[in-house]
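Before any comments, here is the structure.
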Amino acid sequence: MRMEQTLILMKPDTIQKRLIGIVLSRFESLGLDIVAAKAVVTNRALWEQHYANLKGTPFVDSVIDFMMGNFNNLPDHRMYAFVLRGENAISKVRTVLGATNPEKAEPWTLRGQFGCIKNDVMQNAVHASGNAEDAAREIALWFKPEEILP
Ligand code: IDP
Ligand code: MG
């Protein structure tokens with residue numbers, strides 16, 4: 001068992017469907033602590049850094065458009081970001097999150113329940129860090145050290 005931190009972002013489909021509370025509740029139920037939380041107006045430069053690991057893929061630009069809310073007609077480029085902390089937080093969250101493609105996600109997972117049921121891999125409810133290296137990079141990108149509980 002390892003004490004870990006992971007970055008959570010509520011994707012525009014979750015924001016639009018007003019499911020943030022339910023999603024957060026599922027993470028709290030895992031015994032994880034919310035150690036940072038904020039609402040942010042994002043810009044493309046931030047997303048390009050966040051999705052540095054997707055650079056060069058044919059879909060990175062459309063993922064960024066989607067995350068900026070351009071598909072959902074949200075009133076601004078808002079995003080809700082959280083840091084969760086706990087034993088094996090990264091893998092616990094990924095297990096509850098389910099497969100990237102909601103159509104392939106198990107029905108008890110967040111993506112299985114709240115992702116787009118049609119084969120739209122973009123509308124998959126939540127971003128969560130994939131591994132410890134990504135988590136450290138992503139948390140440093142979205143939060144200043146003093147915004148995270150000690
Ligand atoms: P993850 O969110 O499960 O970690 P990643 O492979 O890191 O999945 O991809 C980041 C995001 O990019 C996914 O959540 C999904 O929204 C989008 N994505 C992944 N693969 C594709 C694809 O083949 N076409 C379009 N969008 C994709
Ligand atoms: Mg990923």
Side-chain angles (χ1 to χ4, degrees), residues 4-30 32-86 89-103 105 109-150:
E4 289 179 333
Q5 296 190 150
T6 188
L7 181 85
I8 301 296
L9 301 174
M10 301 294 174
K11 294 203 180 191
D13 50 316
T14 293
I15 299 172
Q16 192 173 50
K17 294 184 218 165
R18 298 188 175 270
L19 291 170
I20 291 173
I22 288 171
V23 167
L24 211 48
S25 171
R26 289 282 291 273
F27 293 138
E28 281 190 290
S29 307
L30 295 174
L32 301 176
D33 291 326
I34 301 165
V35 295
K38 62 158 73 158
V40 195
V41 175
T42 67
N43 56 56
R44 187 161 284 270
L46 174 64
W47 286 113
E48 279 169 3
Q49 283 183 273
H50 175 79
Y51 279 128
N53 54 336
L54 297 185
K55 200 174 174 192
T57 65
F59 56 85
V60 63
D61 288 339
S62 52
V63 171
I64 291 174
D65 280 343
F66 172 68
M67 293 301 274
M68 292 186 74
N70 297 348
F71 289 178
N72 300 61
N73 298 314
L74 292 172
D76 49 41
H77 300 311
R78 68 180 57 187
M79 184 49 48
Y80 297 90
F82 301 86
V83 178
L84 304 181
R85 182 187 294 155
I90 296 170
S91 63
K92 274 183 190 164
V93 164
R94 291 295 302 206
T95 301
V96 167
L97 188 53
T100 301
N101 185 340
E103 206 169 43
T109 62
L110 289 167
R111 284 172 169 170
Q113 291 190 313
F114 303 129
C116 186
I117 50 170
K118 292 191 213 105
N119 199 7
D120 182 354
V121 73
M122 218 118 61
Q123 301 195 47
N124 61 4
V126 180
H127 166 85
S129 304
N131 55 59
E133 190 188 330
D134 281 349
R137 178 179 62 79
E138 292 170 2
I139 290 167
L141 180 62
W142 288 86
F143 289 93
K144 298 181 191 128
E146 62 268 28
E147 293 173 329
I148 304 172
L149 292 179

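Note that these values count all heavy atoms, side chains included, but never hydrogens, waters or copies made by symmetry.
A pairwise comparison of heavy atoms in Arg111 and Val126 identifies NH2-O, 2.8 Å as the closest pair. Of all heavy-atom pairs spanning Phe143 and Ala36, the tightest one is CE2-CB, 3.6 Å. Counting all heavy atoms, side chain and backbone alike, Ser129 lies closest to Thr6 at CB-OG1, 3.4 Å. Closest non-hydrogen pair, Ile90 versus Glu4, comes out as N-OE1, 2.9 Å. Heavy atoms only, all atoms of each residue included: Gly115 and Ala125 are closest at N-CB, 4.4 Å.
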Assess the residue pair Met67 and Val63 against the criterion (side chain to side chain contact (heavy atoms under 4.5 Å, CB included)); give the C-alpha distance rounded to whole Å, side-chain angles, the decisive distance to 0.1 Å, and a yes or no. CA-CA 6 Å; Met67 293 301 274; Val63 171; 4.2 Å; yes

What's the verdict on side chain to side chain contact (heavy atoms under 4.5 Å, CB included) for Gln123 and Gln16, showing C-alpha distance, side-chain angles and the deciding distance? CA-CA 11 Å; Gln123 301 195 47; Gln16 192 173 50; over 6 Å; no

Could you walk me through whether Tyr51 and Thr57 pass the side chain to side chain contact (heavy atoms under 4.5 Å, CB included) check? CA-CA 10 Å; Tyr51 279 128; Thr57 65; over 6 Å; no

Trace of the side chain to side chain contact (heavy atoms under 4.5 Å, CB included) decision for Tyr80 with Thr14: CA-CA 10 Å; Tyr80 297 90; Thr14 293; over 6 Å; no

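Between Lys11 and Asp13 no salt bridge is recorded (no basic side-chain N to carboxylate O distance below 4.0 Å).
Note: Lys92 NZ to Phe27 CZ = 13.0 Å, rounded to the nearest 0.5 Å. The distance from atom CD1 of Ile20 to atom CE of Met10, rounded to the nearest 0.5 Å, is 6.0 Å. A distance of 10.0 Å separates CG of Asp120 from CD of Glu103, quoted to the nearest 0.5 Å. Separating the CG atom in Leu84 from the CG atom in Asp33 is a distance of 9.0 Å, to the nearest 0.5 Å.
Checked against side-chain contact (heavy atoms from CB on, under 4.5 Å), Gln5 has the following partners two or more places apart in sequence or in another chain: Val35, Val83, Arg85, Ile139, Ile148. The side-chain contact (heavy atoms from CB on, under 4.5 Å) check on Val121 picks up Thr100, Asn101, with sequence neighbours excluded. Under the side-chain contact (heavy atoms from CB on, under 4.5 Å) criterion, Ala128 pairs with Ile8, Val93, Arg94, Leu97, not counting sequence neighbours.
Between the side chain of Thr95 and the main chain of Ser91, a donor-acceptor pair closer than 3.5 Å is present.
Applying the ring-ring contact (aromatic ring centres under 6.0 Å, His included) test to residues at least two apart or on different chains, the pairs with a partner in residues 119-139 are His50-His127. The stretch residues 127-143 participates, sequence neighbours left out, in these salt bridge (charged side-chain N to carboxylate O under 4.0 Å, His left out) pairs: Asp134-Arg137.
Under the 4.5 Å side-chain criterion, counting only non-hydrogen atoms from C-beta, Pro12 is in contact with Met79.
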For a quick test of your reading: what N or O donor-acceptor pairs under 3.5 Å do the side chains of residues 37-47 make, sequence neighbours left out?
from, atom 1, to, atom 2, distance (Å)
Lys38, NZ, Trp142, O, 2.8
Lys38, NZ, Glu147, OE1, 2.9
Thr42, OG1, Trp47, NE1, 2.8
Thr42, OG1, His77, O, 3.1
Asn43, OD1, Ala45, N, 3.2
Asn43, OD1, Leu46, N, 2.9
Arg44, NH2, Asp65, OD1, 2.3

